[in-house]
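Below: one structure, written as structure tokens.
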There are 4 protein chains.
Amino acid sequence: MLNRVILIGRLTRDPELRYTPAGVAVTQFTLAVDRPFTSGGSKEREADFINIVTWRQLAETCANYLRKGRLTAVEGRIQVRNYDNNEGKRVYVTEVIADNVRFLESSNSAGNREEGGSNANASYGGGSSGNRGGGSREQQDPFIDDGKPIDISDDDLPF
Amino acid sequence: MLNRVILIGRLTRDPELRYTPAGVAVTQFTLAVDRPFTSGGSKEREADFINIVTWRQLAETCANYLRKGRLTAVEGRIQVRNYDNNEGKRVYVTEVIADNVRFLESSNSAGNREEGGSNANASYGGGSSGNRGGGSREQQDPFIDDGKPIDISDDDLPF
Amino acid sequence: MLNRVILIGRLTRDPELRYTPAGVAVTQFTLAVDRPFTSGGSKEREADFINIVTWRQLAETCANYLRKGRLTAVEGRIQVRNYDNNEGKRVYVTEVIADNVRFLESSNSAGNREEGGSNANASYGGGSSGNRGGGSREQQDPFIDDGKPIDISDDDLPF
Amino acid sequence: MLNRVILIGRLTRDPELRYTPAGVAVTQFTLAVDRPFTSGGSKEREADFINIVTWRQLAETCANYLRKGRLTAVEGRIQVRNYDNNEGKRVYVTEVIADNVRFLESSNSAGNREEGGSNANASYGGGSSGNRGGGSREQQDPFIDDGKPIDISDDDLPF
DNA sequence: TTTT
DNA sequence: TTTT
């Protein structure tokens, strides 16, 4: 019925941009989100490593602007997929499907807080869109098949 | 940069549906949201009375399905408007512009959990719509590399 | 840095209450959260099945008041644990550690909207503190039921 | 029942720290939160100016670390107070009572991402507890500066 | 001006 | 009364 997640953390590595055979852009990255406490007796802070997936235009923007270590805010929903692995065992994968990503740090330490990437958000639908009484149509439909299959091996996946 | 609100409460009265001169539907209602504590010495629970505004299709759905007293979840963003009143004084108005409304109680006490109204959310545009991100096939993991290209046709994609 | 989740869905089964060897209550249940769209050509609505964990006083309240099928709102944070399974393979588990649970439906269809359970919050309860939830063991899955009591010492708990 | 807000924006001015007569710290500031669109034909981005209130330990930390212009994340709940102004007219004030504030920019442009202030949370601090924020007087606006100390007794505070 |  |  309702499923909303908001995270602020840092990328554990550069985002990975891929395309489905139909040419839909998909970007995946992991956010390290520090926990608000230290566990047990230890004083070292721990983090949760949360997998983020973005699609289409937002995927392209994330791939262009995000880099390992950058402080980033993500808004989206939790999704749980499952598949049967090569031993025939069902594996569950939990990801956050992001529809809004804020780049809280830019490449140059100072300055350009208002570069294009800082406002990336998912807005689908032909014609009008959104909540604003005004428009935000995307310029281009990334349903473009570049002919190459997605090149991912199991080892690349952090789960 | 980021502005997200989620509320659960009860309507203080029936929603009011109006139309702008251009014919855009606007519905307004107030949500009574109980506070998680009782103040001072008194034991009576207090509430915040929060004004909600919805636009377009969502406005029509809210006007049709919501009624005074109904338990309702609202997702949206805080907006602060201001105007000069008739004494020439600037007045500030804070509202939640909703883009997702869940009807947690229906007219008939029991049953119909899946009636149309229970899934109202702001998504304009004929056919495609919304805020859905992507990737929701349950049967197959698109990130498993089995050597073959991923078996998804455009028709499988939910956008 | 920031990690917040809000969900509304229905319990897939009755909650399970357990105790750590030190006597800390832990309740686990799964929330079925309908997706806001239907995938592919099919018209059947899909859902994400999200594991929820509550601790201490909130765990007891959830075990007492929640039942299979009940519409429930959950607020918390995403936690990713990992442990090595019996084949020596690292398994990752994603859960929502809830610190606020709202019972949107009570046992008797009508009436008692204000029974004690409807206000369960992690902040309350004797000597408890904060918004932190709990449970962050990296080595072992407390929900694997091997017939023995859960093998957690108080020192493992971050509160 | 449930009332949660998450904002990211910039302080419009330095925060203001005050104390109730009983010595409880209260800090107030305003967050400028850019809207995700530009209105009308104009190309200049607009913002919502949202009043934030923090109490106790969190108030002190905010007063110490936040400054005008700093990018800041705020988590809390919407509160609507009202009071009668000097013309005997009822005035409604909407604020966000924060229980979690993240300092996304530090004083020195580079570096120190882990300074103490970056982890301010209402749950911590001597003897405090919970996620409840504070301040819910209905009769009087503590932020009207009449030159006299703030007229609040400890009994008015809900914690 | 407020809901249960 | 507003930030970048």
Side-chain angles (χ1 to χ4, degrees), chain A residues 102-106 108-119, chain B residues 1-3 7-16 28-35 44-52 66-74 80-82 84 89-93 104-105 109, chain C residues 102-106 108-119, chain D residues 1-3 7-16 28-35 44-52 66-74 80-82 84 89-93 104-105 109 138 143-145:
Chain A
R102 302 289 147 174
F103 308 156
L104 304 175
E105 283 176 356
S106 31
N108 37 351
S109 35
N112 68 340
R113 287 156 171 169
E114 292 295 22
E115 96 279 64
S118 67
N119 255 334
Chain B
M1 291 275 283
L2 190 148
N3 183 337
L7 304 170
I8 299 180
R10 294 183 185 278
L11 291 239
T12 61
R13 56 185 193 284
D14 285 356
E16 288 182 35
Q28 212 243 6
F29 56 90
T30 297
L31 220 54
V33 182
D34 285 343
R35 294 181 178 167
E44 70 254 23
R45 184 165 298 282
E46 292 174 2
D48 290 289
F49 297 94
I50 301 173
N51 295 315
I52 314 293
L66 288 178
R67 288 294 171 273
K68 176 177 176 177
R70 295 279 171 75
L71 189 66
T72 306
V74 162
V80 182
R81 305 182 280 117
N82 64 76
D84 297 323
K89 218 179 139 187
R90 179 140 296 185
V91 179
Y92 291 86
V93 178
L104 304 176
E105 284 177 354
S109 34
Chain C
R102 301 290 148 174
F103 308 156
L104 304 176
E105 283 177 356
S106 30
N108 38 352
S109 36
N112 69 339
R113 288 156 170 169
E114 292 294 23
E115 97 277 66
S118 68
N119 255 335
Chain D
M1 290 276 282
L2 189 148
N3 182 338
L7 304 170
I8 300 180
R10 292 182 185 280
L11 290 239
T12 61
R13 57 185 193 283
D14 286 357
E16 289 182 37
Q28 210 242 6
F29 56 91
T30 297
L31 220 54
V33 181
D34 285 343
R35 294 181 180 167
E44 70 254 21
R45 185 164 298 282
E46 293 174 3
D48 291 290
F49 298 94
I50 300 172
N51 294 316
I52 314 293
L66 287 179
R67 288 295 172 271
K68 176 179 175 175
R70 294 280 170 76
L71 191 65
T72 305
V74 162
V80 182
R81 304 182 281 117
N82 63 75
D84 296 323
K89 218 178 136 187
R90 178 141 296 187
V91 179
Y92 292 85
V93 178
L104 305 176
E105 283 177 354
S109 34
E138 291 299 317
F143 298 115
I144 286 177
D145 195 350

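Model, not experiment: these values are computed from the prediction. First the proteins, then the strands, lettered A, B, ... as listed; each starts at 1.
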Checklist entry - What is the nucleic acid contact for Phe29(D), judged by heavy atoms within less than 4.0 Å: base, sugar-phosphate only, or nothing? => result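 No contact.
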Item to check | Side-chain donor or acceptor of Asp34(D) paired with backbone N/O of Met1(B) under 3.5 Å | outcome: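 Not confirmed, Asp34(D) side chain does not pair with Met1(B) backbone.
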Provide, to the nearest angstrom, the distance between the [atom1] atom belonging to [X] and the [atom2] atom belonging to [N].
X: Glu46(B); N: dT3(E); atom1: CD; atom2: C1'; answer: 14 Å
X: Leu104(D); N: dT3(F); atom1: CG; atom2: C1'; answer: 14 Å
X: Ile52(B); N: dT1(E); atom1: CD1; atom2: C1'; answer: 16 Å
X: Lys68(D); N: dT4(F); atom1: NZ; atom2: P; answer: 6 Å
X: Asp14(D); N: dT2(F); atom1: CG; atom2: C1'; answer: 13 Å
X: Arg67(B); N: dT3(E); atom1: CZ; atom2: P; answer: 17 Å
X: Phe49(B); N: dT2(E); atom1: CZ; atom2: P; answer: 7 Å
X: Ile50(B); N: dT2(E); atom1: CD1; atom2: C1'; answer: 13 Å

Checklist entry - Is there a side-chain polar atom (N or O) of Arg90(B) under 4.0 Å from OP1 or OP2 of dT1(F)? => result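 Looking at the OP1 and OP2 atoms of dT1(F), one of them is under 4.0 Å from a side-chain N or O of Arg90(B).
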Checklist entry - Counting only side-chain N and O atoms of Arg70(D), is one of them less than 4.0 Å from OP1 or OP2 of dT3(F)? => result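 No, outside the criterion.
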Item to check | For Glu46(D), all residues meeting salt bridge (charged side-chain N to carboxylate O under 4.0 Å, His left out), sequence neighbours excluded | outcome: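 Partners of Glu46(D) under the salt bridge (charged side-chain N to carboxylate O under 4.0 Å, His left out) test: Arg35(D).
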Checklist entry - Listed by chain and number, what are the salt bridge (charged side-chain N to carboxylate O under 4.0 Å, His left out) partners of Arg13(B), not counting sequence neighbours? => result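 Once residues adjacent in sequence are excluded, the partners of Arg13(B) under the salt bridge (charged side-chain N to carboxylate O under 4.0 Å, His left out) criterion are Glu16(B).
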Checklist entry - Which nucleotide, dT3(F), dT1(F), dT2(E), lies nearest any side-chain atom of Tyr92(D)? => result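 Taking heavy atoms from C-beta onward, the closest nucleotide is dT2(E).
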Checklist entry - Where the side chain of Thr30(B) is defined as all heavy atoms beyond and including C-beta, which of dT3(E), dT4(F), dT2(E) is the nearest nucleotide? => result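 So the nucleotide nearest the side chain must be dT2(E).
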Checklist entry - Considering the options Thr30(B), Ile52(B), Leu66(B), which one meets the side chain to side chain contact (heavy atoms under 4.5 Å, CB included) requirement together with Leu11(B)? => result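 Exactly one option meets the side chain to side chain contact (heavy atoms under 4.5 Å, CB included) with Leu11(B), and it is Leu66(B).
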